[in-house]
Asks: 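Below is one structure. I have some questions about it.
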Amino acid sequence: MITPQIDRDKCDGCGLCIIVCWHHCLVLTDDGVVAIVEGADCDWCTQCEAVCVTEAITCPFEIVLG
Amino acid sequence: MVSRLELLESSPYFSGLSSAELEEINRLVFEKRYDRDEIIITEEEKAEALYFVASGVVKVFKTSADGKEQILAIIRPEETFNEAPVFNGGMNPASAQAMVPVVVYGIKRGDMEAILRTKPRVALNIIRVIAKRLRHLVSLVEELSFKRVISRVAKILLDYAGDGVASGTRLTQRDMAAMAGTAREVVGRSLKTLAENGAIRIDRHRIIITDRDSLREIAEQSF
């Protein structure tokens, strides 16, 4: 399952991505960084990427010819 | 990942050279590895070397005073970056950053000059490579000057689409915004409009080009 990518070094644990995630895919771990727990529920809305000030979370698209 | 010698053989820089000449150049090549997001070269620092991407993807970009990023080129395996300052002196005109884990092969500026002096065929090859790069930059100026954002996004999708066998470069909406010279939100709206028009279909993390002709038509529209 392809999921958004999280750069643990960049994540400042602000939790904004957790708030905007409709599908509750993200949690804040004990070490203060965000992790994906329900990757299968992620619909790639990219809101987590949009709100991340430190650019720690990214949702890259693969572009293919149909 | 291609070996150093394989990369030299396949590079347009060194086409037409004998095995002995390639081996000679190979001895001047150094290797460097970078993690995702790591900066490879920084704008306005002294240019040290010419780089060939062996594996991974590198973005070449400029940053404005207020932190806005404009991507000038995405460099894929077997392509080069940082030619200009290596040949005409001065500082790096742009920064380069690893988009994924990257291995690059480099040739130092002084070594490159020595190759040019002894192998005129390489100089001719390099003129062709730089002319191609110039065409790309002229095309970028044209797009930024005359085309609507949706046309620029359509062109990015066409340029970076995988051929259905090999997967294409993976780009975030932020990457596309930096390439199109616009805000991330505008890219999001453009993708939505292109999907509504039936030119593309967004299937979770995949953007599928469903109507290539329609997308090309949108890409070619001017103001």
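A, B, ... follow the sequence lines: proteins, then strands. Residue 1 opens every chain. The figures that follow rest on heavy atoms only: side chains count, while hydrogens, waters and symmetry mates do not.
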Asks: What part of R174(B) gets closer than 4.5 Å to chain A, counting heavy atoms only: side chain, backbone, both or neither?
Replies: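 Its backbone and side chain both get close to chain A.
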
Asks: Would you call N92(B) and E44(B) a side-chain contact if the rule is heavy atoms closer than 4.5 Å?
Replies: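 Heavy-atom side-chain distance check fails, nothing below 4.5 Å.
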
Asks: Does the side chain of T182(B) pick up a donor-acceptor pair with the side chain of R189(B) at under 3.5 Å?
Replies: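 Absent: no donor and acceptor within the cut-off.
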
Asks: Check whether the side chains of T80(B) and E83(B) place a donor and an acceptor atom closer than 3.5 Å, and report yes or no.
Replies: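 Yes, because at least one side-chain N or O of T80(B) sits under 3.5 Å from a partner of the opposite role on E83(B).
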
Asks: With only heavy atoms counted, which part of D211(B) is less than 4.5 Å from chain A, the side chain, the backbone, both or neither?
Replies: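 For D211(B), neither part sits under 4.5 Å from chain A.
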
Asks: In terms of ring plane angle, is the pair Y51(B) and F81(B) parallel, tilted or perpendicular, where the classes change at 30° and 60°?
Replies: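 It falls in the parallel class, under 30°.
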
Asks: For the interface with chain A, which of H205(B), R206(B), R212(B) has the highest count of heavy-atom pairs at distances below 4.5 Å?
Replies: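 Highest number of heavy-atom pairs under 4.5 Å: H205(B).
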
Asks: Between the side chains of E69(B) and T63(B), is a donor N or O closer than 3.5 angstrom to an acceptor N or O?
Replies: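 No - no donor-acceptor pair under 3.5 Å links their side chains.
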
Asks: Taking the six-membered ring for Trp, is the centroid-to-centroid distance between Y13(B) and F52(B) below 6.0 Å?
Replies: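 Aromatic pair counts; centres sit under 6.0 Å.
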
Asks: Considering only heavy atoms, which portion of E55(A) lies under 4.5 Å from any heavy atom of chain B: side chain, backbone, both, or neither?
Replies: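 Contact with chain B involves both backbone and side-chain atoms of E55(A).
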
Asks: Under 4.5 Å from any heavy atom of chain A, what part of L215(B) do you find: side chain, backbone, both or neither?
Replies: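 Neither the backbone nor the side chain of L215(B) comes within 4.5 Å of chain A.
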
Asks: Please evaluate residues E6(B) and R4(B) with respect to the criterion salt bridge (Lys or Arg N to Asp or Glu O under 4.0 Å), reporting the C-alpha separation (whole Å), side-chain torsions for both, the decisive distance (0.1 Å), and the verdict.
Replies: CA-CA 6 Å; E6(B) 282 170 344; R4(B) 291 192 335 197; over 6 Å; no

Asks: Answer with side chain, backbone, both or neither: which region of C45(A) has an atom nearer than 4.5 Å to a non-hydrogen atom of chain B?
Replies: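 The answer is neither part of C45(A).
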
Asks: Taking side chain as everything from C-beta outward and backbone as N, CA, C, O, which of these in M99(B) sits under 4.5 Å from a heavy atom of chain A? Side chain, backbone, both or neither.
Replies: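 No part of M99(B) comes within 4.5 Å of chain A.
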
Asks: Tell me, for R184(B) versus chain A, whether the close heavy atoms (under 4.5 Å) come from the side chain, the backbone, both or neither.
Replies: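 Just its side chain gets close to chain A.
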
Asks: Where does R204(B) contact chain A at under 4.5 Å (heavy atoms): side chain, backbone, both or neither?
Replies: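 When you check distances to chain A, atoms from both the backbone and side chain of R204(B) fall under 4.5 Å.
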
